Every structure is written in C-alpha cells, then in structure tokens.
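To start, the structure under review is shown below, and the notes come after it.
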Amino acid sequence: MIKKFKGTKGQQKKLALNEIDMLFKQAKEAFNEKPELADKYAKKARRIAMKYKLKLPLKYKRSVCKNCHAFLVPGKNLRVRTHKGHVVYYCLNCKKFMRVRYK
C-alpha cells in the first residue's frame with residue numbers, strides 16, 4: 001500500500017519527491033545483496049510518482065526499465081551503447097531497449 005501524505009497539494013508533492021528520493025537511495029544500496037528488493041523499491045517509487053501526478057526526476061527515470069520496471073545498474077543488468085545519435089539502454093532482465101536522443 002502506498003503512503004498518503006497530508007497537507008496541501010504542494011506539500012504532498014514535496015513529501016512524495018522526498019520519499020521517491022529515499023526509495024531510490026535504498027534501491028541503490030540493496031541492489032548488490034538483493035536485486036529483487038531494489039526492483040520492489042523502484043516500483044514503489046514509480047507508483048508514488050503516478051499517484052501524485054509527478055514526473056520522476058530524469059536521473060531516476062533512466063534507472064528504471066520501462067517494460068519490466070526493474071531497477072537498472074550499468075554493467076549488472078543494463079547495457080548502455082550509443083548508436084546514430086541515440087543512447088540505447090538495453091535491459092538484460094527483459095531483453096527490451098529504450099532509446100534516448102542526444103545532440
């Protein structure tokens with residue numbers, strides 16, 4: 001179950017962003033011992049962002065697979081390549097990829 005934050009909408013969004021930040025830090029710490037737990041933290045953070053209609057900050061958005069919602073760590077379960085003006089993130093869990101343009 002997802003926490004409900006009290007206060008005005010602005011206060012709720014600030015509290016939700018703090019919670020998301022904390023969850024991603026926990027996911028980063030837990031990834032080496034228990035990758036499943038890190039995935040769970042990432043999914044929970046994503047759900048909080050959706051509930052409060054927030055965009056995940058870019059640094060967190062790129063560390064979650066868009067298909068299987070796994071927490072991604074380069075070299076462990078993520079392959080990062082550049083190809084024709086794109087950065088290609090390849091998830092080694094679900095074998096799907098995400099492309100991001102760069103200039």
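Note that the structure is a prediction, hence the values are computed from the model and not measured. Starting from 1, each residue takes its place in the sequence as its number.
In this structure, Thr82 and His86 have side chains that are not in contact, with every pair of non-hydrogen atoms separated by 4.5 Å or more. Counting heavy atoms from C-beta on, the side chains of Tyr52 and Leu17 never come closer than 4.5 Å. Residues Tyr90 and Lys95 meet the side-chain proximity criterion, which asks for heavy atoms closer than 4.5 Å. A 4.5 Å side-chain heavy-atom check between Val87 and Arg99 finds every atom pair outside the cut-off.
Following chains of ILVMFWY side-chain contacts shorter than 4.5 Å, one cannot reach Tyr89 starting from Val64, and the two form parts of different hydrophobic clusters. Put simply, Val80 and Val100 are part of the same group of oily side chains (I, L, V, M, F, W, Y) that touch within less than 4.5 Å, one to the next. Linking Ile, Leu, Val, Met, Phe, Trp and Tyr whenever their side-chain heavy atoms come within less than 4.5 Å leaves Leu58 and Tyr60 in two separate clusters.
The nearest pair of heavy atoms linking Leu92 to Arg79 is CD2-NH2, 3.7 Å. Nearest approach of Ala49 to Leu56, heavy atoms of both residues: CB-CD2, 4.0 Å. Residues Ala30 and Leu37 share a closest heavy-atom pair of CB-CD2, 4.1 Å. When all heavy atoms are compared, the tightest approach of His83 to Val88 is CB-CG2, 4.3 Å. What you find for Cys91 and Leu78 is that their closest heavy atoms are N-CD1, 4.5 Å.
Side chain of Gln11 to main chain of Thr8: a donor-acceptor pair is present (N/O by atom type, distance under 3.5 Å, no hydrogens or angles). For Asn77 (side chain) and Val73 (main-chain N/O), a donor-acceptor pair under 3.5 Å exists by modelled atom type.
Atom CZ in Arg46 sits 15.0 Å away from atom NZ in Lys51 (nearest 0.5 Å). Atom-to-atom distance recorded for Leu23:CG and Ile48:CD1 is 5.0 Å, nearest 0.5 angstrom. Lys53 contributes atom NZ, which lies 11.5 Å from atom CD of Gln12 (distance to the nearest 0.5 angstrom). Summarising the geometry, atom NZ belonging to Lys34 is positioned 9.0 Å from atom OH belonging to Tyr41; distances are rounded to the nearest 0.5 Å. For the atom pair NZ of Lys61 and CE of Met98, the computed distance is 10.5 Å after rounding to the nearest 0.5 Å.
Lys43 and Asp39 are not joined by a salt bridge, as no carboxylate oxygen comes within less than 4.0 angstrom of a charged side-chain nitrogen.
Ring geometry for Phe24 versus Phe71: interplanar angle of 30 to 60°, hence tilted.
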